[in-house]
Protein chains: 2
Amino acid sequence: MAKRKVSNLLALAVLSLLNERPMHPYEIGAVMRQRGLADSIKINTGSLYSVTEALVRNQLIEPVETLRDTKHPERTVYAVTPAGRTEFLEWLRSLIRTPFKEYPQFAAGLAFMGHLAPREAVALLAERCKLLAADVAEIRSAIEATAKFVDRLFLIEQEYSLTMREAEVKWLHQLIERIKDGTFTEQKGEQSAWKITHPDPMRPH
Amino acid sequence: MAKRKVSNLLALAVLSLLNERPMHPYEIGAVMRQRGLADSIKINTGSLYSVTEALVRNQLIEPVETLRDTKHPERTVYAVTPAGRTEFLEWLRSLIRTPFKEYPQFAAGLAFMGHLAPREAVALLAERCKLLAADVAEIRSAIEATAKFVDRLFLIEQEYSLTMREAEVKWLHQLIERIKDGTFTEQKGEQSAWKITHPDPMRPH
DNA sequence: CATAGACTAGTCGATTTCGACTATACGTGT
DNA sequence: ACACGTATAGTCGAAATCGACTAGTCTATG
């Protein structure tokens, strides 16, 4: 994510909600959680205030009033600026259009999987399959339960999440099979070991 | 990713490479790039040194010598400690076993897609499809080219990457179809608009 | 009535991330 | 000879991220 003045996705959420109406940061956090946005965008209180400041500094939002209420701490209400509205829409477009490079943790794990014995790798992958399958079931029922009172438009992202997990489970099954069937391994004595035919400095053992 | 003393995936790469042999950070960076690890783990020079310091601070690696060479700047060589070896393996296991929550940028885009007109959304999604398809083709040829001299074990992560992109392309096609076929939309005058039947504060317009 | 926990709205300081920069050496082209 | 680009090995300072903490109010419970 290059060149954006503020790039934390929290800022996108802030811009989106302020597009609806002015709010103070605590309220933004509460609405995000209420709407399940915390599922797509990581919320951290410190970052929410920090991002809000950055948006102000870059004139994408501005403070419009400060409310005092004997019952509550003082709160500052922000509204989006025209520049902020523009940034929001452009950012949103680029998020939908451009498949930006991601660095999923599992990919890093796979890159170093050769450090583990094939047998152990298979066990771990199988466990991952189980956990993902549970995720899949959970997302499924959440979608069904929510579909009763939420428009499908707002379930798209859960469906995406579901699809990607299902694809991973499927691939994992295949990977496990291939490890077991000897595609990646060879027998060394009683143990099966990764098949390494290029013992050069390219990769570990 | 909770509780790890050092959690940047760069640190995992450092631990992995130092498991092979002692190296200085610049060399670690170079080897990572040479091996294509920069594809799975984001490298930033400042972070590499910072992460190295954090690993030292937490006694997962230690400096073993400082080399001076009239041609090159002074360099500090680090080696992994027993605790570092243990941490590496446990971290690796957890990366493979546990599907930790990720926050892909596209998911955030989908969460707010309702802010765009359906027509525009479709155009953007179609563009994304194209870009992803190009990624798919590229990864495919990279795998084929590399398979000639790299063991399959070391291509697993590229295959994962390929699979996930293919799944996304497929799903995108379906999503586009569903937007076009009226699943998500309704006619409002001459324009098609998102079908919103719950105009409550749950979501934007 | 007192206490504990949750809620409200934010702060704080430590750590991490980022990307430009430093300074030297070498190779290449003009 | 000079300029430029690349390689070597790292530094630096600004900004971002994180998660615990602050302080007051309200509610429920004993």
Side-chain angles (χ1 to χ4, degrees), chain A residues 1-14 17-18 22-34 38 41-58 60-61 63-78 100-103, chain B residues 1-14 17-18 22-34 38 41-58 60-61 63-78 100-103:
Chain A
M1 186 50 82
K3 296 267 182 82
R4 306 231 85 97
K5 291 176 182 176
V6 187
S7 58
N8 185 335
L9 290 172
L10 246 193
L12 184 75
V14 171
L17 295 183
L18 293 186
M23 295 187 210
H24 58 272
Y26 189 89
E27 186 185 0
I28 290 168
V31 173
M32 279 181 68
R33 289 188 184 93
Q34 182 206 355
I41 294 169
K42 198 183 341 177
I43 311 189
N44 167 298
T45 304
S47 300
L48 181 52
Y49 284 89
S50 172
V51 149
T52 298
E53 273 176 39
L55 287 169
V56 170
R57 200 162 58 237
N58 288 283
L60 301 175
I61 67 174
V64 292
E65 61 178 334
T66 301
L67 300 181
R68 290 177 196 78
D69 172 336
T70 46
K71 293 187 182 181
H72 296 124
E74 179 170 296
R75 73 193 76 154
T76 304
V77 178
Y78 296 91
F100 293 109
K101 174 74 181 165
E102 305 277 352
Y103 294 87
Chain B
M1 184 49 84
K3 294 266 182 84
R4 305 232 86 97
K5 291 176 181 176
V6 186
S7 58
N8 187 333
L9 289 172
L10 246 193
L12 184 75
V14 171
L17 295 184
L18 292 186
M23 294 187 212
H24 58 271
Y26 188 90
E27 186 185 0
I28 288 168
V31 173
M32 278 179 70
R33 289 189 185 93
Q34 182 206 356
I41 294 169
K42 198 180 347 175
I43 313 190
N44 169 296
T45 305
S47 299
L48 181 52
Y49 285 88
S50 173
V51 149
T52 298
E53 273 176 38
L55 287 170
V56 170
R57 200 162 59 237
N58 287 284
L60 301 176
I61 66 174
V64 292
E65 60 179 336
T66 301
L67 301 180
R68 290 179 195 77
D69 173 336
T70 47
K71 292 187 183 183
H72 296 126
E74 178 170 295
R75 74 194 74 156
T76 304
V77 177
Y78 297 90
F100 293 110
K101 173 76 181 162
E102 304 278 353
Y103 294 88

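Below, chains carry the letters A, B, ... as their sequence lines are ordered, and counting in each starts from 1. The figures here come from the full heavy-atom set of this structure, side chains too, leaving out hydrogens, waters and symmetry mates.
- The CE atom of A/Met23 sits 14.5 Å away from atom OH of A/Tyr78, with the distance rounded to the nearest 0.5 Å.
- Atom CZ of residue A/Arg57 and atom NZ of residue A/Lys5 lie 12.0 Å apart, to the nearest 0.5 angstrom.
- Note: B/Leu9 CG to B/Ile43 CD1 = 12.0 Å, rounded to the nearest 0.5 Å.
- In this structure, A/Glu74 atom CD and D/dA23 atom C1' are separated by 14 Å, rounded to whole Å.
- One can place CZ of A/Arg33 at 11 Å from P of C/dC7, the figure rounded to the nearest angstrom.
- When the local axes at the two ends of the helix from C/dC1-D/dG30 to C/dT30-D/dA1 are compared, using 5 base pairs at each end, they differ in direction by 10° after rounding to 10°.
- Looking at heavy-atom distances under 4.0 Å, A/Arg68 makes no contact with the nucleic acid at all.
- The heavy-atom pair separating B/Ala13 from B/Ile41 by the smallest distance is CB-CD1, 3.9 Å.
- Regarding B/Asn44, its CG atom lies at a distance of 5 Å from the P atom of C/dC18, rounded to whole Å.
- With rounding to whole Å, A/Ile43 atom CD1 is found 15 Å from C/dA9 atom C1'.
- Candidate nucleotides C/dA20, D/dT17, C/dT15 were compared by shortest atom distance to the side chain of B/Arg57, and C/dT15 ranks first.
- Taken to the nearest 0.5 Å, the OG1 atom of B/Thr52 stands 11.5 Å off from the CG atom of B/Leu60.
- When distances run from any side-chain atom of A/Tyr26 to the nucleotides C/dA9, D/dA16, D/dA20, the shortest one goes to C/dA9.
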Which side-chain N or O atoms in residues 25-33 of chain B pair as donor and acceptor under 3.5 Å with protein atoms at least two apart or in another chain?
{"unit_1": "B/Glu27", "atom_1": "OE2", "unit_2": "B/Arg21", "atom_2": "NH1", "d": "2.6"}

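- Atom CZ of B/Arg75 is separated from atom P of C/dT22 by 23 Å (rounded to the nearest Å).
- The two residues A/Pro22 and A/Val64 make their nearest non-hydrogen contact at CB-CG2, 4.3 Å.
- In summary, of the residues considered (B/Leu55, B/Val56, B/Ile61), a side chain to side chain contact (heavy atoms under 4.5 Å, CB included) with B/Val6 occurs for B/Leu55 alone.
- Looking at the side chain of A/Lys42, the nearest of the listed nucleotides D/dG10, D/dC18, C/dT8 is D/dC18.
- Contacts between residues 47-55 of chain B and DNA chain D, defined by a heavy-atom separation below 4.0 Å, involve B/Tyr49, listed by number.
- From A/Glu102, atom CD reaches atom OH of B/Tyr103 across 13.0 Å, with rounding to the nearest 0.5 Å.
- Atom pair A/Asn8:CG and C/dT17:P shows a separation of 14 Å (rounding to whole Å applied).
- Residue A/His24 contributes atom NE2, which lies 12 Å from atom P of C/dT11 at whole-angstrom precision.
- Looking at heavy-atom distances under 4.0 Å, B/Thr45 makes contact with a base.
- Along DNA chain C, the nucleotide nearest to B/Val6 and the one nearest to A/Thr76 differ in position, and the one closer to the 5' end is contacted by A/Thr76.
- Rounding to whole angstrom units, CG of residue B/Asn58 and C1' of C/dT16 are separated by 13 Å.
- Residue B/Glu27 is classed as having no contact, given no heavy-atom separation below 4.0 Å to the nucleic acid.
- Counting heavy atoms from C-beta on, the side chains of B/Glu65 and B/Leu67 come closer than 4.5 Å.
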